[in-house]
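Reckoned from all heavy atoms, side chains included, excluding hydrogens, waters and symmetry mates. Counting from 1, the numbers follow the sequence of the chain as shown. We count ligands from 1, going down the list as the structure has it; atoms in each ligand are counted the same way.
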Amino acid sequence: MTSSSTSFSLHGGNSFLRNIWYYGLPAADLKPGRCQAKVLLGEPILFCRTTSGKPFALRNLCPHRGMPLHYGRFDGKEVECPYHGWRFNAHGHCTLIPSLTSDSDVDLKNFGVLSYPVREVQGNLWIFFPANGRNVSEPTLEVPLVPGFSAETQPQAVQKFIFPGHLDQVFINFMDPSHAPFVHGAWWWRKRGKLFEKAKTFDPSPYGFTMRRHPLLRKSWAHHLLGGHPEVEIIYRLPGIRIETNYSDRHTFCFLITLTPINDQETELTATYYWTFPWLAPLKPLLAPLAREFLNQDLRIVAKQSEGLKYKPPLTLIKEADYQAKWYYQLKREYEKATQEEREFVNPLKTQVLRWR
Ligand code: FES
């Protein structure tokens, strides 16, 4: 290791942060009276929405014999296990064990399933993964919000991807400026292999860092579409959240990327788009495939990288193009430590200008 580089690992033993909100699913995907099963952070989760519209999430395993609850029935209020009919409410409390006789002294309180706090904002359902699998009634940590849009705003578009890589690997890809000229060549974006000197100011921000809002010196075709004098700000936040806001003279286009690990080899990426441009909606059929192809370029390069990572090679972070990845690990370590010590997270980063080509 030299003073200008750091060795690091993207394989094995990379833990996921707990005690934090992860993106669960688009709120519109969970209709009243319906459930949806997912595996997130290696845990089986059952998302449900009551007939009155309230979302909730339970561990998707019956505590009796381990039956996945999504095979059972949901009456819009309670989930019934298909095997012996135990029932669980939105808090995970067991409300019925049909085999018990009327004079039984079994206390149903002893047979609940873990319930995860969920919150619905800006058309997104967030799920809180407590530390040590404990029940947490109401986390004090706020869910991430896309700035400039109200909590009731609904997304204009949502795209979903499964990236074949660990969360760390995928998130680092999205904060890595030097891959863009080699991975993202497209007629509507920029020519492959063209390099420009860049200098950007970064500030610490809640649970992460922010590339300070700045005018775009070189506009892509897509930025020309926004018109005026576009400016950009990009927020990175634990555990895997990237919020890019493009400002034109009068309007805003916001691109939220959320990463939630399925397990240590697959990460779910959801791209959620918000905008205030009244004329953009009719162009959705044209723009959606372009945005999907852009993210597929990332997906394909991560898939190829995963082939190499199977051999557990030593890896390197160099300055300054890789500083954002270094910061991510610093933030993650501090978050883990703060969780273990049951104290407030203290952002370890300072304002800094980074230069790269
Ligand atoms: S396995 Fe669920 S009720 Fe028996």
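Ring pair F345/Y335 is tilted by interplanar angle, where 30° to 60° counts as tilted. W356 and F202 have tilted rings, their planes meeting at an angle from 30° to 60° on a 0 to 90° scale.
Taking the centre of each ring, F128 and Y116 stay at or above the 6.0 Å mark.
Checking C81, G85, S99, P68 against atom 2 (Fe) of ligand 1, the nearest heavy atom belongs to C81.
A donor atom on one side chain and an acceptor atom on the other are found under 3.5 Å apart for S15 and E336.
Close contacts of ligand 1 with R65, meaning ligand atoms under 4.0 Å from a residue heavy atom, involve 1 (S).
Rounding to the nearest 10°, we obtain 90° for the angle at atom 4 (Fe) of ligand 1 between H64 ND1 and H84 ND1.
Under 2.8 Å from atom 2 (Fe) of ligand 1 lies an N/O/S atom of C62, whether from backbone or side chain.
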